[in-house]
Amino acid sequence: MALVAPPFSCRHRLPIHGTAHRSNGRCFLKSIFIPQASLSLTTQNHQGLSLTPTNTSNSELSLPQEINKLCESGNLAEALVLLQRDSDNVAFDLSQRAEAMSVLLQACGHRKDIEVGRKLHEVVATSTQFSNNPVLTTRIITMYSMCGSPWDSRTLFDQLQTKNLYQWNSLVSGYTRNELWYDAMSLFCELVTVTEHKPDNFTLPCVIKACGGLLDMGLGQAVHGIAVKMSLILDVFVGNALIAMYGKCGFVKEAVKVFEYMPERNLVSWNSMICGFSENGFSQECFDVFREMLVGEEGLIPDVATLVTILPVCAGEENVEMGKMVHGLVVKLGLDHELMVSNALMDMYAKCGFLSKAHALFEKNDNKNVVSWNSMIGGYSREGNVGGTFNLLQKMQMDNEKIKANEVTILNVLPVCLEKSELLNVKELHGYSLRHRFQYDELVANSFISAYAKCGSLSSAEHVFYGLEAKTVSSWNALIGGCAQNGDPLKALHLFLQMRYSGLNPDWFSISSLLLACAHLKSLQNGKEIQGFAYRNGLETDPFIDEALNLFRQMVSNGIQPYEIAIMSVFGACSQLSALQLGKEIHCFALKAHLTEDIFVGCSIIDMYAKCGSIEQSQRIFDRLKEKDEASWTVMIAGYGIHGRGKEAIELFEKMKRLRLKPDGFTFIGILMACCHGGLVEEGLNYFDQMQTLHGIEPQLAHYSCVVDMLGRAGRFNDALKLVDEMPEKPDAGIWSSLLSSCRIYGELDLGKKVAEKLLALEPDKAENYVLVSNLFAKLGNWDIVRRVRGRMKAIGLRKDVGCSWITVGGKIYHFVVSDMMLPEAEEIHKVWRRLEEKISGVGYIPDTGSVLHELKEEEKIEMLRGHSEKLAISFGLLKTPKGVTLRICKNLRICRDCHNAIKFVSKVVDREIIVRDNKRFHHFRDGFCSCGDYW
DNA sequence: ATAGGGTTAG
């Protein structure tokens with residue numbers, strides 16, 4: 001094939017750029033990789049290219065020539081005056097006048113001068129000779145769309161009595177030019193279905209581009225089909241448009257196919273191909289195609305578009321060697337003064353870490369625009385160079401070329417404000433963007449939301465968020481991510497729900513943030529808050545953690561590799577739900593992804609199995625861990641703690657000390673909890689003492705809480721109160737509430753009253769506390785006080801958290817709310833329980849109506865007990881699982897005395913192990929006994 | 001008369 005550059009590219013480019021390539025006749029590209037033969041073209045292309053021939057030898061210019069001269073110097077208004085003045089001049093015939101109008105219309109389009117364009121339109125429309133001139137109307141349609149006002153194009157188009165294909169094409173291209181992809185598509189449909197016109201090689205490229213704009217690959221394929229049927233696929237423009245469209249839609253393979261089968265290719269085809277690879281992250285392919293384009297048999301010379309496509313690839317890959325080579329090519333082609341090229345070069349050097357080289361280019365270049373400044377500012381910003389960034393920003397504003405900052409500037413500067421969490425700078429920048437109306441840009445607004453959140457100013461973040469007119473998934477994500485990362489995980493979850501209610505679908509970012517929130521929430525008591533939250537918000541289906549886990553699965557099955565943090569978060573979420581099956585599944589995934597060796601992930605896995613009730617599995621994982629640190633030992637000890645296996649916890653703790661590992665504050669929380677749940681009071685007190693004397697660890701509130709709880713449960717109220725007095729910190733509500741429940745167990749009415757007062761004074765707006773207080777008095781039959789407490793609760797509008805239990809069957813989590821009559825299989829479930837109740841009554845079960853806090857008749861109380869959610873969950877589990885399978889139930893509140901008693905009997909009569917996790921610990925029921933030894 | 005590829009951020 002002859003190495004002839006297609007005339008198209010230059011003809012197309014020249015009117016825009018105005019400069020032609022210079023060639024000194026030498027083979028200037030040889031040193032890179034261009035074959036010599038390609039050379040002759042540059043000069044050849046040069047000829048006959050000027051827009052309109054000007055006849056300078058003749059002092060008498062024709063009207064079109066004169067208009068053209070004025071247009072070239074930018075005097076469009078003058079040209080219009082000239083046209084109008086000579087409207088009666090017979091010296092100019094009609095065709096000359098029409099041509100002159102054409103020239104002016106074109107110039108209006110190029111220079112976006114809609115004022116003059118509109119006046120000229122009026123002139124044409126009101127004249128009898130020209131109003132129906134199809135050439136002129138086409139030009140007016142084009143002019144309006146080039147001025148960014150395709151609506152005016154449409155108005156004129158609709159007024160036309162008859163429309164030819166030129167006019168249709170002009171309007172379609174006007175829509176695509178203004179990125180009104182949908183309008184372009186529907187106009188095309190109209191053209192095909194309503195008119196006799198057949199779309200041609202001018203129509204299709206626009207339509208194909210619109211498909212790309214809509215990112216609608218299906219539509220694009222359909223148009224591709226039309227192109228094939230009409231044999232328009234042979235057209236270079238159509239082929240090029242297809243390459244670009246497939247690239248935009250993410251189907252590079254299709255783009256390559258089109259490229260390979262094209263009967264004729266030009267520079268644009270190559271550029272589009274490189275661009276397609278670039279957009280889809282195939283950097284090596286970009287370089288390969290670029291090289292092939294230069295040295296292959298077609299041997300084309302790159303133009304500005306090629307260079308500004310390939311340079312960002314070098315930048316993205318930080319491949320400065322390639323970048324330098326392209327730079328050499330740029331110089332040899334004489335394109336180093338092209339603004340876009342020099343900008344791309346600067347950006348490339350900056351991104352490759354050669355900031356001073358970039359700066360040198362920047363200084364040398366006196367032709368700068370916003371992009372130039374932004375690229376440099378971005379360079380300093382990425383380096384975290386606060387001074388350099390702000391210095392440039394200031395210089396930019398003082399620059400006498402009056403280049404104004406834009407949205408990208410803001411986006412570049414914002415990250416450096418976060419370097420030192422500079423809230424002040426963020427606020428200042430925000431003020432600036434408000435004044436310049438940049439906050440209407442979605443990206444800018446979202447960046448401010450996350451920036452404020454990162455600086456710890458959630459309220460400002462929310463302020464920006466709620467001020468948004470249209471909230472997209474990204475806006476929600478910015479706020480959700482901010483809350484998740486900045487210590488308000490519950491708010492993150494709340495927002496997640498709100499987003500779903502507003503009809504938006506969460507994406508991967510939302511889910512990651514949610515997972516992060518779940519990880520932070522691990523410290524909350526077994527997800528109790530989350531469950532309560534979900535139910536208070538009327539979430540009837542599975543709670544969102546469940547959904548997050550489902551989405552995590554999708555993420556995995558879509559081949560998206562989660563980071564360690566995501567894995568850990570998911571384990572955290574499993575722990576909260578006690579979703580053993582799911583936890584196992586994710587454990588398998590982590591194994592396959594070789595993430596289990598990670599010391600943190602290993603830790604989460606141990607924690608997950610323990611919190612999902614499978615302490616033996618935790619121990620196995622723990623034993624196999626190659627690398628164990630203090631944290632690994634601590635989660636293992638704490639795991640035994642929540643299972644009430646104090647002895648094992650103590651063994652581990654002693655072993656840990658023998659290995660000379662240093663227990664820290666967290667380890668002591670674990671061991672104290674273990675002693676507390678295992679009823680090992682003396683041991684616990686001993687460790688509490690050791691912790692201070694031997695290890696020099698100052699006990700925190702959490703340690704005191706454990707010990708006070710431990711003493712209270714053992715009925716040693718004097719010791720407990722003594723410790724409360726000795727505490728350096730003020731006791732919190734947790735301490736009072738644990739004491740209060742101990743008072744209930746031991747019937748300590750007087751102390752209970754005092755403790756209740758303290759608790760309600762400290763946390764007057766927490767429903768749980770009122771429930772605790774009323775439980776105490778209800779147990780003693782003091783209904784008067786119960787009624788008063790309940791009344792007070794009602795008066796301040798508090799409602800008790802709904803009791804809720806859940807069980808996993810077949811990988812799905814089923815929830816049961818107390819006295820839930822809306823259950824899908826309510827009939828069967830209740831029947832199962834009735835039968836069980838008969839059976840266990842035969843072996844000694846007597847309903848413990850003391851657990852019912854309402855004033856009801858005895859029979860009604862018994863009916864209430866039957867509705868407790870854990871009983872429903874167990875009945876469901878028995879109904880749905882084969883004989884002998886262990887049932888694992890979770891509950892958001894503490895298990896009641898009657899249920900605890902009943903489940904002991906059930907475990908005996910159905911001969912199954914039943915594991916219940918309440919909001920404090922695990923209960924393993926087997927053969928009529930519970931692992932907690934009725935001490936909880 | 002009407003057409004395809006292109007720099008900064010995400």
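Scope of the values below: all heavy atoms of this structure, side chains included, with no hydrogens, waters or symmetry mates. The chains referred to below are lettered A, B, ... by the order of the sequence lines, with proteins before strands, and numbering in each begins at 1.
When heavy atoms are screened at a 4.0 angstrom cut-off, A:N446 is found touching no nucleic acid atom at all. Counting non-hydrogen atoms under 4.0 angstrom, A:S272 reaches the backbone sugars and phosphates but no base. Across all strands shown, A:T409 has no heavy atoms under 4.0 Å from either base or sugar-phosphate atoms.
Without hydrogens or angle criteria, A:Q167 side chain to A:N164 main chain gives a donor-acceptor distance under 3.5 Å. A donor-acceptor pair under 3.5 Å is formed between the side chain of A:H436 and the backbone N or O of A:Y432.
Distance from the side chain of A:M340 is smallest for B:dG6 among the nucleotides B:dG6, B:dT2, B:dT8. Which of B:dG6, B:dG4, B:dT7 sits closest to the side chain of A:V371 comes down to B:dT7. The side chain of A:L443 has B:dA9 as its nearest neighbour among B:dG4, B:dA9, B:dA1. Ranking B:dA3, B:dG4, B:dA9 by closeness to the A:K209 side chain, first place goes to B:dG4. With B:dT8, B:dG4, B:dA9 as the choices, the nucleotide that has an atom nearest any side-chain atom of A:S375 turns out to be B:dT8. Set against B:dA3, B:dA9, B:dT8, the side chain of A:L411 has B:dA9 as its closest nucleotide. Of the candidates B:dA3, B:dG4, B:dT8, B:dT8 carries the atom nearest the A:K351 side chain, counting heavy atoms from C-beta on. Which of B:dT2, B:dA1, B:dA3 sits closest to the side chain of A:S170 comes down to B:dT2. Nearest nucleotide to the A:A241 side chain, out of B:dT8, B:dG4, B:dT2: B:dG4. Candidate nucleotides B:dA9, B:dT8, B:dG4 were compared by shortest atom distance to the side chain of A:N374, and B:dT8 ranks first.
Rounded to an integer number of Å, the gap from CG of A:N367 to P of B:dT7 is 17 Å. Look at CG on A:N412: it is 11 Å from P on B:dT8, rounded to the nearest Å. When the P atom of B:dG4 is taken as reference, atom CE of A:M262 falls 14 Å away, rounded to whole Å. Going from atom CG of A:L307 over to atom C1' of B:dG6 covers 10 Å, rounded to whole Å. Atom pair A:E99:CD and B:dA1:P shows a separation of 8 Å (rounding to whole Å applied). For the pair A:D200 CG and B:dA1 C1', the computed distance is 12 Å after rounding to whole Å. Taking atom OH of residue A:Y166 and atom P of nucleotide B:dT2, one finds them 9 Å apart after rounding to whole Å. Between A:F188 atom CZ and B:dA3 atom C1' there is a gap of 14 Å when expressed in whole angstrom units.
Remark: A:F390 pairs with no residue by the ring pair (Phe, Tyr, Trp, His ring centres under 6.0 Å) rule, at least two apart or across chains.
Within the structure, the side-chain hydrogen bond (donor to acceptor under 3.5 Å, both in side chains) test picks out the following pairs touching residues 199-212 of chain A (sequence neighbours left out): A:N169-A:D200, A:N169-A:T203, A:D200-A:T203, A:N201-A:D235. Residues in residues 175-191 of chain A take part in these side-chain hydrogen bond (donor to acceptor under 3.5 Å, both in side chains) pairs, two or more places apart or across chains: A:S145-A:R177. Residue pairs meeting the side-chain hydrogen bond (donor to acceptor under 3.5 Å, both in side chains) criterion with at least one member in residues 307-318 of chain A, sequence neighbours excluded, are A:S283-A:E317.
When ring centroids are compared, A:Y166 and A:H197 stay outside the 6.0 Å threshold.
Listed pair A:R177 / B:dT2 fails the phosphate criterion, with no side-chain N or O lying under 4.0 Å from OP1 or OP2.
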Which donor-acceptor pairs under 3.5 Å do side chains of residues 221-233 of chain A form with protein atoms, sequence neighbours excluded?
from: A:H224; atom 1: ND1; to: A:Y246; atom 2: OH; distance (Å): 2.7

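Contact check of residues 245-256 of chain A against DNA chain B (heavy atom, cut-off under 4.0 Å) returns A:K248.
Not a single donor-acceptor contact under 3.5 angstrom links the side-chain atoms of A:D303 to the base of B:dG6.
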